[in-house]
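In what follows, a structure is listed as structure tokens, so that the remarks can point back to it.
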Amino acid sequence: MNFPSSLKVFTLNNGIRIPVIGLGVYQMPDGDRTQQAIDRALKSGYRLIDTASIYHNETSVGRAVRSSLIPREQVFITTKLWNADQGYDQALRAFEKSLTNLQMDYVDLFLIHWPVQGKRKDSWRALEKIYDEGRCKAIGVSNYMKNHLEELLSYANVKPAVNQIELHPYLFHERADIINLCRQTEIIPMAYSPLTRGTRLNDGVLVKLAKRYEKTTAQLLLRWGIQQGFTVIPKSAIHSRIEENIDVFDFEISATDMEKLNDLSQGYVTGWNPSGLP
Ligand SMILES: NC(=O)c1ccc[n+]([C@@H]2O[C@H](COP(=O)([O-])OP(=O)(O)OC[C@H]3O[C@@H](n4cnc5c(N)ncnc54)[C@H](OP(=O)(O)O)[C@@H]3O)[C@@H](O)[C@H]2O)c1
């Protein structure tokens with residue numbers, strides 16, 4: 001897969017390359033505004049779009065990619081299997097529906113959105129079948145904590161390539177066990193809500209550090225995630241912010257400052273917390 005040379009990539013455990021940053025499109029309604037935001041992202045150098053069937057905007061994602069005229073194989077599309085669609089047959093059907101919405105014949109990464117008890121093993125079998133048929137380039141999970149991932153690794157024929165979980169400096173040490181397990185097993189952590197949904201961008205420590213690097217606090221958070229080895233998927237519908245968020249390749253956070261950021265950890269979960277799910 002060819003990406004712009006300015007865009008850094010990680011290599012997944014099956015050899016597929018994934019951009020280290022992408023546009024998240026949660027809470028962006030299907031329609032022109034979302035299509036324009038994705039168009040702006042593609043023009044700014046993004047090549048990864050993170051959607052999900054439950055976001056109800058796969059149609060806009062597909063339209064934006066097609067109208068950009070960027071060859072399909074140069075854009076990395078992630079979508080996810082929603083909880084109500086878990087189970088073997090249901091998952092196969094849901095995947096077809098996502099392809100229809102996207103108007104694509106494959107996706108790059110298909111994830112189980114949440115670890116639904118009693119269903120997730122059958123769902124994984126369906127993802128393995130889709131992967132074996134070559135209709136997605138990689139498969140993975142989301143919101144899997146250590147117990148869920150260990151269970152999956154005990155029966156998986158295809159190892160997940162990615163685990164998408166909430167990660168930022170305010171939720172880091174508390175996630176050490178799942179991050180370490182991912183690292184040991186060569187599963188890339190994909191950091192969702194990497195900007196804390198905007199709620200910590202005025203934190204004094206961040207503001208001070210960001211000034212020193214002459215970057216914004218959003219850029220500092222995203223750079224922190226990338227230097228941790230996470231793929232980051234910030235969401236914005238505002239064109240200037242979309243551009244700001246990908247402008248993170250011209251500076252490097254020092255080891256000391258990485259530690260300072262790590263120590264902002266306070267178990268801050270902005271969304272739903274999968275810890276404790278059986
Ligand atoms: N797998 C899962 O269960 C799961 C859960 C949550 C999220 N996700 C994925 O992760 C993506 C990102 O997470 P998220 O949407 O929860 O939160 P986020 O990316 O941490 O933050 C998004 C918020 O920050 C604002 N923002 C973006 N850039 C900014 C900037 N440069 N300066 C100031 N504010 C800025 C956005 O507002 P504007 O749009 O107004 O700019 C929005 O309110 C989602 O879109 C989705 O793709 C996955």
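Just so it is clear, the values below take in all heavy atoms, side chains as well, and ignore hydrogens, waters and symmetry mates. Counting starts at 1 for both ligands and their atoms, in listed order.
Taking Ile, Leu, Val, Met, Phe, Trp and Tyr as hydrophobic and joining them when side-chain heavy atoms fall under 4.5 Å apart, one finds Val269 in a cluster with Leu171.
Here Arg40 pairs with Glu243 under the salt bridge (charged side-chain N to carboxylate O under 4.0 Å, His left out) rule; sequence neighbours left out.
Formation of a donor-acceptor pair under 3.5 Å by the Gln74 side chain with backbone atoms of Pro71 is not found in this model.
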Verdict with reasoning, Tyr170 to Leu206, per side chain to side chain contact (heavy atoms under 4.5 Å, CB included): CA-CA 11 Å; Tyr170 303 88; Leu206 272 192; 3.3 Å; yes

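The ring pair (Phe, Tyr, Trp, His ring centres under 6.0 Å) contacts involving residues 226-251 comprise Tyr213-Phe251, Trp224-Phe230, where partners must be two or more places apart or lie in separate chains.
Side-chain contact between Leu152 and Arg120: absent, with no pair of heavy atoms (C-beta onward) separated by less than 4.5 Å.
In this structure, ligand 1 sits under 4.0 Å from heavy atoms belonging to Gly24, Val25, Tyr26, Asp50, Tyr55, Lys80, His113, Trp114, Ser142, Asn143, Gln164, Tyr192, Ser193, Pro194, Leu195, Thr196, Arg197, Gly198, Leu201, Ala218, Ile233, Pro234, Lys235, Ser236, Ala237, Ile238, Arg241, Glu244, Asn245.
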